Amino acid sequence: MDTLTLPVNLIEQMRAHILACLPNEACGLIGGVNGKGSLVMPIPNTANSPSEFFMHPVALLQALRTFESQALDLIAIYHSHPSGPPTPSQTDLERFQYPGSAYAIWAPSPDGDWQLSIFWIDNGQFSKIRLESS
């Protein structure tokens, strides 16, 4: 995957979720088809931490079942880095368990706004992929 396409309303849903979870990290899933998102599923962060996340297992399973019932694929995992960096951390790379899906990270930009960056993780390495909004 070299591009992830997300409707503006999904981006805004994620932004609202990450802001509501501050100062802790927020996390969730993005469902869609062929790299085009159509559903965001916020998942509670059971770590309740500003520097790590663990998706609530029951909510995670329910989200995946929702995707399946709507014939959607898990196209991305999203979470926030309230104190940065805007790239996957070493912990992110070590814990990544969803091959075939992108990794979306929200982090504050230097001007204080929040930016969304999308990555592909493979064998403990990451590369940035393009985000298109529709």
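Keep in mind the model is a prediction, meaning the values are calculated, not measured. Side-chain atoms are counted along with the backbone in the values below, which use heavy atoms only and exclude waters and symmetry mates.
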Please report the shortest heavy-atom distance between [X] and [Y], naming the atom on each side.
{"X": "A63", "Y": "L29", "result": "CB-CD1, 3.7 Å"}
{"X": "N45", "Y": "F53", "result": "OD1-CA, 3.2 Å"}
{"X": "A104", "Y": "L116", "result": "CB-CD1, 3.8 Å"}
{"X": "P88", "Y": "Y103", "result": "CG-CD2, 4.2 Å"}
{"X": "V8", "Y": "S133", "result": "CG2-CB, 4.2 Å"}
{"X": "I75", "Y": "G35", "result": "CD1-C, 4.1 Å"}

Next item on the list: Using the side chain to side chain contact (heavy atoms under 4.5 Å, CB included) rule, take K128 and S117 through it: C-alpha gap first, then chi angles, then the decisive distance, then the call.
Entry: CA-CA 7 Å; K128 192 168 185 177; S117 300; 3.8 Å; yes
Checklist line | Close side-chain approach of P82 and E25, heavy atoms under 4.5 Å | finding: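 Yes, at least one pair of side-chain atoms sits under 4.5 Å.
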Notebook entry, point to check: Do the non-hydrogen side-chain atoms of W120 and D2 ever get within less than 4.5 Å of each other?
Noted result: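 Side chain of W120 against side chain of D2, heavy atoms only: no contact under 4.5 Å found.
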How long is the straight-line distance from [atom2] of [Y] back to [atom1] of [X], given to the nearest 0.5 Å?
{"X": "L60", "Y": "M41", "atom1": "CG", "atom2": "CE", "result": "10.0 Å"}
{"X": "L61", "Y": "M55", "atom1": "CG", "atom2": "CE", "result": "13.0 Å"}
{"X": "F67", "Y": "I30", "atom1": "CZ", "atom2": "CD1", "result": "8.0 Å"}
{"X": "H56", "Y": "C27", "atom1": "NE2", "atom2": "SG", "result": "11.0 Å"}
{"X": "E52", "Y": "T46", "atom1": "CD", "atom2": "OG1", "result": "9.0 Å"}
{"X": "L10", "Y": "S38", "atom1": "CG", "atom2": "OG", "result": "7.0 Å"}

Margin query: Are more than 12 heavy atoms, taken from residues, nucleotides or ligands other than E68, located less than 6.0 Å from that residue's CD atom?
Written below: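 Open.
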Shared ILVMFWY cluster between [X] and [Y], side chains joined below 4.5 angstrom?
{"X": "L131", "Y": "Y78", "answer": "yes"}
{"X": "F54", "Y": "L22", "answer": "no"}
{"X": "M14", "Y": "I129", "answer": "yes"}

Next item on the list: Tell me, with the steps shown, if L74 and S101 meet side chain to side chain contact (heavy atoms under 4.5 Å, CB included).
Entry: CA-CA 6 Å; L74 172 60; S101 61; 4.3 Å; yes
Next item on the list: For the residue pair F126 and F119, categorise the inter-ring angle as parallel (less than 30°), tilted (30 to 60°) or perpendicular (more than 60°).
Entry: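 Correct class here is perpendicular.
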Check: Within the distance-only criterion (no hydrogens, no angle test), does the side chain of H81 pair as donor or acceptor with the backbone N or O of S83 below 3.5 angstrom?
Finding: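 No: the side chain of H81 does not pair with the backbone of S83.
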Margin query: Is there a side chain to side chain contact (heavy atoms under 4.5 Å, CB included) between I118 and R130? Walk through the geometry before answering.
Written below: CA-CA 7 Å; I118 313 295; R130 192 172 72 228; over 6 Å; no
Next item on the list: Given salt bridge (Lys or Arg N to Asp or Glu O under 4.0 Å), test R15 with D113 step by step and report yes or no.
Entry: CA-CA 10 Å; R15 181 187 310 273; D113 195 11; 3.5 Å; yes
Next item on the list: Output, in order, the C-alpha distance, side-chain angles, deciding distance and verdict of side chain to side chain contact (heavy atoms under 4.5 Å, CB included) for W114 and S80.
Entry: CA-CA 9 Å; W114 284 81; S80 58; 4.2 Å; yes
